[in-house]
Amino acid sequence: MSSPRSRRLLWGSALFFVLAAVAGPFVGQSLDLSDAQDRFILFELRVPRVLMGLACGAGLAAAGVVLQAILRNPLATPYTLGVSSGAAFGIVACIAFGIESFLPPQLGRPLIGMAGGLLVIGLTYRIARVRGHLPAHTLLLAGVTLTYVFSALILAIQYTSSPHDAHRILRWLVGSLETAGGDFLPPLLVGLLTGGALLVL
């Protein structure tokens, strides 16, 4: 049975989500909805990007909850286990070396990011395994170590990239959604809902 405090936090989070989804598209320069160009900006650019940001945040939250539940450790997150740095390394390499030009436009970066995340979590598992056992604290230490390693590799790639690519990498690392449109939202929601249903089961 959840405590009253947990229920209040849950309802507060849900209220914040709804407010962000409703108010987010209207933050910034005001729009005149009677103008066709402004309607395009609102419904084709701002609304999909706000929904994408919320969906990505929900996916990261779900991943963190599952990792903490499996390892029974509140410090276990995609960041401390190296998953996020591995995924970021894959996408940064994808941007810097032009790999994404050979992949489907909507699935290229997600697939590369997933491959990078799987690679690092596999390395973390291999490093942390001791005599057939997998202590949670050893797993976390291995994850943090690999996080620093791949973060350094990301900085090295960014430093040696062209100014244009370095700028694109920086924009992506800080969470830019400027190149995303409504065509990216359906596959993201399908993945989020499918993964969420599997996690619940």
Side-chain angles (χ1 to χ4, degrees), residues 2 6 9-10 13 16-17 20 51-97 99-100 103 106-159 161 168-177 180 184 187-201:
S2 61
S6 297
L9 285 172
L10 181 63
S13 300
F16 176 79
F17 182 91
L51 293 177
M52 283 185 65
L54 292 171
C56 289
L60 284 172
V65 167
V66 170
L67 290 173
Q68 290 173 8
I70 290 174
L71 298 176
R72 300 172 184 266
N73 192 315
L75 296 177
T77 68
Y79 299 97
T80 55
L81 290 175
V83 180
S84 294
S85 62
F89 171 76
I91 294 178
V92 165
C94 185
I95 294 172
F97 303 129
I99 302 171
E100 58 186 342
L103 299 169
Q106 296 179 18
L107 296 176
R109 288 189 185 181
L111 290 175
I112 293 292
M114 185 179 296
L118 288 173
L119 170 66
V120 175
I121 197 63
L123 289 173
T124 302
Y125 177 84
R126 180 66 178 170
I127 294 170
R129 193 171 177 82
V130 180
R131 297 173 186 167
H133 298 285
L134 193 67
H137 64 278
T138 307
L139 191 68
L140 286 170
L141 288 173
V144 170
T145 301
L146 288 175
T147 293
Y148 282 115
V149 169
F150 280 90
S151 295
L153 291 173
I154 289 170
L155 289 175
I157 292 175
Q158 186 177 4
Y159 182 77
S161 296
R168 291 174 63 205
I169 290 169
L170 178 62
R171 298 283 296 185
W172 184 86
L173 287 173
V174 298
S176 172
L177 295 171
F184 287 88
L188 174 62
L189 292 178
V190 168
L192 179 64
L193 294 175
T194 304
L198 292 173
L199 293 179
V200 169
L201 292 174

Which residues pass the side chain to side chain contact (heavy atoms under 4.5 Å, CB included) test with [X], not counting sequence neighbours?
X    : value
I91  : I95, R109, W172
L170 : Q158, V174
L193 : none
A61  : none

Measuring from [X]:[atom1] to [Y]:[atom2], what's the distance to the nearest 0.5 Å?
X    : Y    : atom1 : atom2 : value
L188 : C56  : CG    : SG    : 5.0 Å
M52  : L192 : CE    : CG    : 11.5 Å
I121 : L81  : CD1   : CG    : 5.0 Å
F89  : L119 : CZ    : CG    : 8.5 Å
R126 : L123 : CZ    : CG    : 10.0 Å

Could you tell me which non-hydrogen atom of [X] sits nearest to which non-hydrogen atom of [Y], and how far apart they are?
X    : Y   : result
A76  : L67 : CB-O, 3.9 Å
A93  : I99 : O-CD1, 4.0 Å
S161 : A96 : OG-CB, 3.7 Å

Side-chain atoms of residues 141-153: list all donor-acceptor pairs with protein atoms under 3.5 Å, sequence neighbours left out, distances to 0.1 Å.
unit_1: T145; atom_1: OG1; unit_2: L141; atom_2: O; d: 2.8
unit_1: T147; atom_1: OG1; unit_2: Y79; atom_2: O; d: 2.9
unit_1: T147; atom_1: OG1; unit_2: G82; atom_2: N; d: 3.4
unit_1: T147; atom_1: OG1; unit_2: G143; atom_2: O; d: 2.8
unit_1: S151; atom_1: OG; unit_2: T147; atom_2: O; d: 2.7

### Task
Check side-chain hydrogen bond (donor to acceptor under 3.5 Å, both in side chains) between T80 and all other residues, then give those that pass, not counting sequence neighbours.
T77
### Query
Is there a donor-acceptor pair closer than 3.5 Å between any side-chain N or O of Q68 and the backbone N or O of N73?
no
### Query
Do V83 and V120 have side chains that get closer than 4.5 Å, going by heavy atoms?
no
